[in-house]
Every structure is written in C-alpha cells, then in structure tokens.
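Have a look at the structure below before the remarks.
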Amino acid sequence: MDIILVAGLWMGGWAWYEVAPALEREGHRPVPLTLPGMGSADADRSAITLADHVAAVVAAIDEAPGERVVLVGHSAGAGIVYAAADARPDRVARLILIGGFPTADGDPLLDGFATEGGELPLPPWSEFDDADLRDLGDGGKTAFRTYAIPSPAGVVTGIQRLGDDRRLDIPVTAIATEYTVADLQSWIDAGAPPVREFARLRDVTYVDLPTGHWPQLTRPHQLARIILAQPPLGDGTIAPELETISPVAFHSSEGVADWRVLYWGAHAFFRAESLSHGARLVAEVAAIAEGLDHYPDIDLRPEGVFVKTFSRRDGALSRTDADLAASVSRAARELGLEADPSVLTVVGIAVAQGPDAHVRPFWSAALGYDPLGGEDAIDPLRRNPHVWFHPLEPPKPGRGRTHIDISVPRDQVEARVAAALAVGGRMADDSHAPEWWTLTSPDNHGVDIAAWTDDSDFSG
C-alpha cells in the first residue's frame with residue numbers, strides 16, 4: 001500500500017531514512033516527501049504558503065498508483081496531512097498523526113513560534129523541553145541540526161482551510177510521543193484549542209510511544225512497527241520490541257566462548273582444512289538458521305568460515321544470537337573446525353565534518369550505502385567498511401578529516417596496539433584506554449583501535 005510520509009518543521013524526506021525501508025520490507029510503497037522550500041538551505045521560502053505544502057501532499061495522493069493511501073504526518077505535518085485528507089477523503093484509508101494534532105478549520109498551523117525574515121530556523125536546543133529531546137542524544141542533535149532546513153514562515157503561520165466533513169470518517173491513529181495518551185485525552189476532555197478537532201473525529205486509536213518529539217530519529221524501528229500495525233496495513237497488533245542484550249550478557253551465555261562482539265554483531269572464525277571442509281559447516285549453519293528463523297552473515301574462504309550474528313541492522317544482539325552462536329560452535333567442533341578469534345577484525349571509516357557540512361548524502365550516494373541512525377552509513381549487504389560521521393572538533397570550516405576505526409576482540413587488542421607501535425606507529429592518545437587507543441601511522445594518519453564493544457554492558 002502507498003504510505004505518504006510528511007515530517008514536521010525543519011525536516012524533509014530524509015527524516016524517514018530508517019522508517020521508510022522498514023515499511024518497504026513489508027511490501028508497502030513508502031513515499032517520504034520533501035515539501036516545497038525544504039530541499040535546500042539556499043531555497044527561496046519567502047512566498048511559500050501552507051496551501052503550497054498541502055497541495056504537495058495532495059499531488060502525492062493523486063500520483064499514487066494504489067486505490068487508497070495511508071497518510072502519516074509528524075508534528076506540524078499532522079495538520080498538513082489532515083488538510084490533504086480533507087481535499088481527498090475518498091483516497092485516504094487512514095491518517096497516522098505522530099506527536100501532532102489535526103489543525104481545525106480557521107486555526108493557524110502553529111502558535112508560539114517567532115519567524116525571522118520569512119522563515120523559521122531550528123531554534124537552539126535550550127528552547128526545547130527535556131521531554132522533546134528525550135533519546136535524541138548529542139549525536140542525534142548534531143545530525144538533526146546538520147540536515148535541518150528553515151521552515152517557511154507562510155507555512156508556520158498559515159491558516160488551515162477545510163471544507164469536506166467526510167474527513168471526519170477517516171480512521172485516525174494518534175501516536176503520543178513526548179506526552180502520553182492520558183495527557184492527550186485529558187486535553188481533549190478539557191476542550192483545549194489545539195486538540196479540539198479530535199472530539200469531532202469518529203474513529204481514533206491512541207498509541208503511546210515513549211520518546212522525544214522526533215521518534216523517526218530516536219525510535220524508528222518501534223515507530224515503523226506501530227505504523228505497520230494500523231489497519232489496513234495490519235490488524236492492529238503491534239509487534240513487540242526486540243529485547244536486546246549487552247555484550248556482557250552475550251558472553252555470559254553458555255557455549256559462546258568462540259565468539260567476540262565487535263562492530264555490528266557477534267563474530268567468530270572457524271579454521272577449515274579446505275574449501276569443501278568449510279562448506280560443510282556452512283550447510284550446518286544454514287540449517288541452524290532455518291531452525292531458529294534467524295539468519296547470520298556467512299563468509300566462506302579456503303582458510304575457513306566467518307560467521308556474524310546480529311538481531312538489528314545496527315548490530316544489537318538478542319538471546320537468539322547467543323542460541324545461534326552456541327549451536328554454530330557445537331557444529332564446528334563436530335566437524336573438526338577450530339575457532340580462531342585472533343583474526344577477527346572489523347574496519348570502519350570515520351569522517352569528521354564541520355558544523356555546516358552535509359557529507360553523509362554524498363558518501364552514501366558514492367558508495368551505494370544506506371544511512372543508519374543519526375551518524376552512520378552502511379553497505380546494505382554488509383560486505384564493506386561502514387562509514388561513521390562525527391563533528392570535527394574543534395570546528396574548521398571548509399575542512400574534512402578521516403581516520404580508520406578498527407574493532408578487535410578484547411583479548412587481542414593489546415597485542416594489536418603493540419604490533420602497530422613496533423613497526424613505526426605512534427601513540428597519539430591513550431586517555432580512553434582500555435576502551436580504545438588512538439595511534440598515528442609514520443606518515444601521521446589516524447587509527448583508533450577499539451575493544452569496548454566486546455565487554456560493553458550496553459544492550460542496544
């Protein structure tokens with residue numbers, strides 16, 4: 001089904017970078033919109049109105065090949081998709097409003113924001129409540145501000161115009177984020193002006209999603225599950241959130257001594273006598289994976305077999321990973337393959353960027369990578385090094401800088417650092433040890449050798 005996604009102020013289609021793929025994997029057609037004036041910081045927004053943004057959503061409805069669409073509006077986008085539903089009530093199967101309200105006819109889209117020169121830039125974080133910023137973190141704030149575009153003043157202050165009461169029959173899901181469903185319902189019962197339109201809607205489902213104001217950034221997987229559960233996309237049953245475990249908990253599981261937790265999951269290497277010998281283990285791993293309905297990455301080489309298991313794209317682990325790891329190790333022993341953790345290494349590229357740089361889209365496009373979270377880009381087939389984008393400190397406008405990140409097992413890291421120093425490397429910073437050491441090569445290229453993932457108590 002066609003799912004049209006409209007983010008709130010300062011955001012474009014980029015905001016759905018993790019939600020949209022999750023919807024597509026379930027067979028739907030997500031359409032993340034970048035509304036007029038929101039594609040570039042240099043765009044002329046002086047003449048853009050609320051009607052222009054509504055018209056862009058209506059155009060997306062008209063262009064959708066399916067008979068009906070689901071409209072998803074976040075924050076100020078809730079009022080915009082509500083107006084689009086008013087314009088095309090027969091084409092909208094459901095409205096999903098995230099952290100925002102259906103703006104009533106004759107009301108301004110938003111109150112309380114002071115525009116500057118025809119637009120509204122993203123304010124300093126100090127102007128937001130702690131509840132708004134929950135789960136965003138420093139990395140998320142940096143990424144958001146990097147990609148944020150000022151919103152047109154004509155949209156923020158625009159007056160909502162509605163004319164077809166058939167919109168009131170469209171089923172609505174209201175997702176409460178930085179406030180609770182109980183809060184929202186109390187405001188509705190009290191007749192609070194911003195939410196008074198809810199009292200007119202005939203079919204409203206209320207869902208709590210405890211996080212900050214931008215759940216597509218802070219809880220994208222959970223948000224996607226909620227969207228997918230709403231009829232007609234689902235039957236109303238929200239899939240449970242993955243229960244993750246920490247590397248410490250993984251290592252405390254029985255039968256996983258062969259494994260190390262590096263970037264992007266738990267890894268093991270089993271040495272084989274030949275390619276065909278390793279292929280026998282691959283067949284066993286495939287059978288184990290089918291039995292658990294949990295699928296690792298497998299790399300067969302003449303020297304042996306690499307196996308990586310994970311439960312989420314960011315490498316988070318669950319109990320199923322520990323079960324799979326123990327089963328794979330048992331199969332390897334039965335086939336006579338010995339584990340060798342000394343060869344386990346995961347390489348990443350760290351790109352430092354200035355405060356006004358927008359470099360992740362470039363690198364993602366050049367490499368054919370997918371964005372992940374607020375700071376990473378990854379090979380969609382997980383073959384090549386990930387790229388991590390972080391602030392350049394101290395800021396140096398017009399400058400970029402890269403270094404290599406190397407994730408190694410905890411029981412191998414000191415030997416790896418010593419080996420690099422022995423052949424001409426220089427210790428640049430060991431203040432973060434034993435989490436990671438920063439070395440430089442003889443020609444002054446930076447390398448971080450990290451072991452923190454292997455004994456972290458963070459569960460994802």
Walk me through it: do Trp187 and Tyr179 pass the test ring pair (Phe, Tyr, Trp, His ring centres under 6.0 Å)? CA-CA 11 Å; Trp187 301 333; Tyr179 50 88; 5.3 Å; yes

Assess whether atom CG of Asp189 is packed by more than 12 heavy atoms of other residues, nucleotides or ligands within 6.0 Å. yes

Distance, nearest 0.5 Å, that separates OG1 of Thr211 from CD of Gln216: 10.0 Å

Heavy-atom count check: over 12 atoms from other residues, nucleotides or ligands less than 6.0 Å from Glu243 CD? no

Nearest heavy-atom neighbours spanning Asp454 and Pro409: OD2-CA, 3.7 Å

Quick one: does His403's side chain have a donor or acceptor within less than 3.5 Å of a partner on Ala352's backbone? no

What distance do Ile3 atom CD1 and Ile96 atom CD1 have between them, rounded to the nearest 0.5 Å? 7.0 Å

Under 4.0 Å between a Lys/Arg side-chain N and an Asp/Glu carboxylate O for Arg312 and Glu241? no

Test ring pair (Phe, Tyr, Trp, His ring centres under 6.0 Å) on His267 and Trp259; report intermediate values, then the result. CA-CA 5 Å; His267 305 246; Trp259 296 75; 8.4 Å; no

Please assess Ser246 against Ser459 for the test side-chain hydrogen bond (donor to acceptor under 3.5 Å, both in side chains), listing each intermediate value before the final yes or no. CA-CA 4 Å; Ser246 68; Ser459 60; over 6 Å; no

Criterion salt bridge (Lys or Arg N to Asp or Glu O under 4.0 Å) on Arg167 and Asp86, from CA distance to verdict: CA-CA 5 Å; Arg167 74 182 180 279; Asp86 177 81; 3.0 Å; yes

Give a yes or no answer on whether the side chain of Arg88 reaches the backbone of Ala59 with a donor-acceptor pair at less than 3.5 Å. no

Does the gap between the ring centers of Phe458 and Trp452 come in under 6.0 Å? no

Axial cation check for Phe306 ring with Lys308, 6.0 Å and 45° limits: no

Donor-acceptor check, side chain of Ser252 to backbone of Ala249, threshold 3.5 angstrom: yes or no? yes

Identify whether NZ of Lys or CZ of Arg in Arg360 sits under 6.0 Å from the centre of the six-membered ring of Trp388 and within 45° of that ring's axis. no

Report the C-alpha separation of Trp363 and Tyr369 in whole Å, then their side-chain angles, then the decisive distance to 0.1 Å, and conclude whether the ring pair (Phe, Tyr, Trp, His ring centres under 6.0 Å) test is met. CA-CA 8 Å; Trp363 285 106; Tyr369 277 19; 9.5 Å; no

Specify whether Phe128 and Trp125 have parallel, tilted or perpendicular ring planes, treating 30° as the upper limit for parallel and 60° as the lower limit for perpendicular. tilted

Heavy atoms of Leu95 and Ile170 approach each other most closely as N-CG2, 4.1 Å

Trp264/Phe310 aromatic ring centres below 6.0 Å: no

N-O pairing of Arg196 and Asp107 below 4.0 Å: yes

Taking Asp2 for its side chain and Ala64 for its backbone only, find out whether a donor-acceptor pair lies under 3.5 Å. no

Can you name the closest pair of heavy atoms from Pro150 and Arg45 and give their distance? O-CD, 3.1 Å

Trp10 and Phe113 aromatic ring geometry - parallel, tilted or perpendicular at 30°/60° bounds: perpendicular

Less than 4.0 angstrom from a charged side-chain N to a carboxylate O is my criterion; do Asp370 and Arg313 meet it? yes

